[in-house]
Protein chains: 2
Amino acid sequence: MDPAVVGRRVRALREERGISLSTLARLAGVGKATLSGLEHGTRNPTLETLWAVTAQLGVPFTALLAEPTAEPTVHGTAVTATLLEVFTDTDATYELYRMRVAPGVVQLSPAHAPGVTEHVTVFAGVLRAGPADAPLTAPAGGHLRWVSDVPHSYAAVGEEEVAASLLLRYPRH
Amino acid sequence: MDPAVVGRRVRALREERGISLSTLARLAGVGKATLSGLEHGTRNPTLETLWAVTAQLGVPFTALLAEPTAEPTVHGTAVTATLLEVFTDTDATYELYRMRVAPGVVQLSPAHAPGVTEHVTVFAGVLRAGPADAPLTAPAGGHLRWVSDVPHSYAAVGEEEVAASLLLRYPRH
DNA sequence: CGCTTCCGTTCCGTAAACGGAACAGTCGGG
DNA sequence: CCCGACTGTTCCGTTTACGGAACGGAAGCG
């Protein structure tokens with residue numbers, strides 16, 4: 001993650017709107033020096049600065065972050081998972097991932113904290129996953145669910161890469 | 001956007017993973033004072049700091065920030081759905097939504113094209129949904145699936161708002 | 001040509017974010 | 001008990017991001 005990438009993004013967004021550095025700085029309530037340095041990537045902006053600028057540009061924070069950065073949490077050799085959303089309610093915290101499982105490799109994951117459950121909906125391919133000693137199998141459209149406080153495994157069945165959504169549920173303790 | 005919100009999220013994500021402040025600080029290469037202040041919302045972290053921490057937690061920045069308003073969202077009488085992702089493979093096109101269903105109202109949706117299926121994973125609340133003449137029910141953690149080429153309905157059971165993920169599968173014709 | 005009014009960059013004193021060290025509190029063993 | 005290893009917070013000197021002011025350049029106009 002390069003601050004220069006963020007800077008280029010800000011400058012592009014500003015120029016799309018046809019407003020000058022000076023006016024954006026004034027509207028966002030930051031110094032021109034700050035904005036200049038931000039766009040050049042020569043500063044390391046604070047959350048407050050970034051928020052002031054993005055709010056004025058009318059874009060979500062994510063617009064500043066290059067795609068590759070938003071990219072995968074690599075669990076390991078077979079599985080790549082991208083976090084789509086974190087969701088908290090009174091009982092638990094949920095993390096929704098989009099998951100891909102490459103064929104030909106079995107991946108083992110260590111146990112999570114007690115009470116954590118995983119829910120998988122398979123989009124494409126055939127997935128074998130679950131507790132390492134008793135994995136379950138689901139074809140495209142299928143759904144798997146297990147308690148993940150024991151070591152567990154993921155594997156694609158056959159030659160096709162598996163695409164799925166993975167929901168991790170962390171109970172509030 | 002409140003820095004305290006970001007702080008609480010970081011702390012929640014860290015505790016979900018069961019690692020201490022000290023070790024996360026060491027792994028992320030930031031000072032313990034920095035991380036402590038960040039989690040308390042008493043500091044105004046720099047991009048560099050945020051990136052070091054989120055990278056170590058394995059989450060994109062998105063996870064730290066309140067819902068950006070730029071995503072396509074569909075509102076109905078009871079259902080609010082946000083499109084998270086669209087992807088296509090050889091057999092079908094998929095749309096993944098995050099869905100909220102307000103209590104007290106039943107929402108009817110017209111039939112989709114033949115062969116379209118819906119897959120719902122419930123995060124919170126109890127959902128009754130499916131073909132209008134034979135809806136299915138699922139509690140938090142449950143999963144529903146139906147062929148949606150007939151009119152279908154969505155409703156929250158009880159007083160609690162339902163949160164769920166909705167996968168629409170459109171077969172290639 | 002001056003003069004004005006913008007543009008974006010650079011300079012600079014101040015405020016604050018940074019990491020290291022010192023701190024009190026807690027847990028588990030000998 | 002005492003000890004060591006750990007937790008998270010606070011203190012503090014150094015580094016640096018901050019905004020205001022000064023700067024050089026480029027137009028537009030008389």
Side-chain angles (χ1 to χ4, degrees), chain A residues 1-59 61 63-66 69 88 93 110-116 170 172-173, chain B residues 1-59 61 63-65:
Chain A
M1 161 51 96
D2 193 349
V5 172
V6 175
R8 279 195 290 275
R9 203 65 182 247
V10 170
R11 175 152 289 192
L13 287 167
R14 176 172 65 76
E15 292 181 342
E16 274 172 23
R17 285 160 180 71
I19 64 177
S20 70
L21 185 149
S22 308
T23 53
L24 177 57
R26 181 172 43 79
L27 290 173
V30 305
K32 296 201 294 179
T34 302
L35 187 52
S36 178
L38 165 58
E39 291 192 355
H40 277 278
T42 57
R43 284 203 192 178
N44 175 19
T46 63
L47 184 61
E48 193 177 18
T49 299
L50 280 175
W51 195 70
V53 173
T54 55
Q56 195 49 235
L57 289 170
V59 299
F61 229 82
L64 299 185
L65 307 167
T69 329
T88 55
T93 300
H112 291 137
V116 175
Y170 299 91
R172 197 162 299 285
H173 36 264
Chain B
M1 165 56 65
D2 194 348
V5 172
V6 174
R8 280 195 291 274
R9 285 254 170 75
V10 169
R11 176 152 289 193
L13 286 167
R14 175 172 66 76
E15 291 182 343
E16 278 167 20
R17 285 160 180 70
I19 65 177
S20 70
L21 185 149
S22 308
T23 53
L24 177 58
R26 181 172 45 77
L27 290 172
V30 304
K32 296 201 293 179
T34 302
L35 186 53
S36 179
L38 166 58
E39 291 192 354
H40 278 278
T42 57
R43 285 203 192 179
N44 176 20
T46 63
L47 184 60
E48 192 177 19
T49 299
L50 280 175
W51 193 69
V53 173
T54 55
Q56 196 50 235
L57 288 171
V59 301
F61 278 18
L64 302 184
L65 305 164

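Both backbone and side-chain heavy atoms feed into the values below; hydrogens, waters and symmetry mates do not. In what follows, chains are A, B, ... by sequence order, proteins preceding strands, each numbered from 1. This is a predicted model, so every value here is computed, not measured.
Residues A/L47 and B/N44 come closest through the heavy atom pair N-OD1, 3.5 Å. Counting all heavy atoms, side chain and backbone alike, A/R14 lies closest to A/L21 at NH1-N, 3.1 Å.
You'll find the side chain of B/L57 reaches within 4.5 Å of the side chain of B/L24, heavy atoms only.
Side-chain atoms of B/T54 come within 3.5 Å of backbone atoms of B/L50 as a donor-acceptor pair (strictly under, hydrogens ignored).
To the nearest 0.5 Å, the span separating CD on A/E39 from CG on A/L13 amounts to 9.5 Å. Atom CD of residue A/Q56 and atom CG of residue A/L35 lie 11.0 Å apart, to the nearest 0.5 angstrom. Taking OG1 from A/T23 and NZ from A/K32, the interatomic distance works out to 10.0 Å, rounded to the nearest 0.5 Å.
Take the nearest nucleotide of DNA chain D for A/K32 and for B/H40: the residue whose nucleotide is more 5' is B/H40.
Rounded to whole angstrom, the span from the CG atom of B/L38 across to the P atom of C/dC18 amounts to 8 Å. In this entry the distance linking CG of A/L47 with P of C/dA17 reads 11 Å, nearest Å. Taking atom CG of residue B/L50 and atom P of nucleotide C/dA17, one finds them 12 Å apart after rounding to whole Å. Rounded to an integer number of Å, the gap from A/R43 CZ to C/dC18 P is 15 Å. Here the P atom of nucleotide C/dA15 and the CG atom of A/N44 are 21 Å apart, to the nearest Å.
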Is there a side-chain contact (heavy atoms from CB on, under 4.5 Å) between B/V30 and B/L38? Walk through the geometry before answering. CA-CA 11 Å; B/V30 304; B/L38 166 58; over 6 Å; no
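Near DNA chain D, meaning a heavy atom under 4.0 Å from it, residues 21-31 of chain A has A/G29, A/V30, A/G31 in order of number.
Once you apply a 4.0 Å limit to the heavy atoms of chain A, the touched nucleotides of DNA chain D run 5' to 3' over D/dA17 to D/dG20.
In this structure, B/S20 reaches the sugar-phosphate backbone alone: every heavy-atom distance under 4.0 Å involves primed, P, OP1 or OP2 atoms, never a base. Heavy atoms of B/T34 sit under 4.0 angstrom from at least one base atom.
Remark: B/T49 is not in phosphate contact with C/dA17, judged by side-chain N or O atoms under 4.0 Å from OP1 or OP2.
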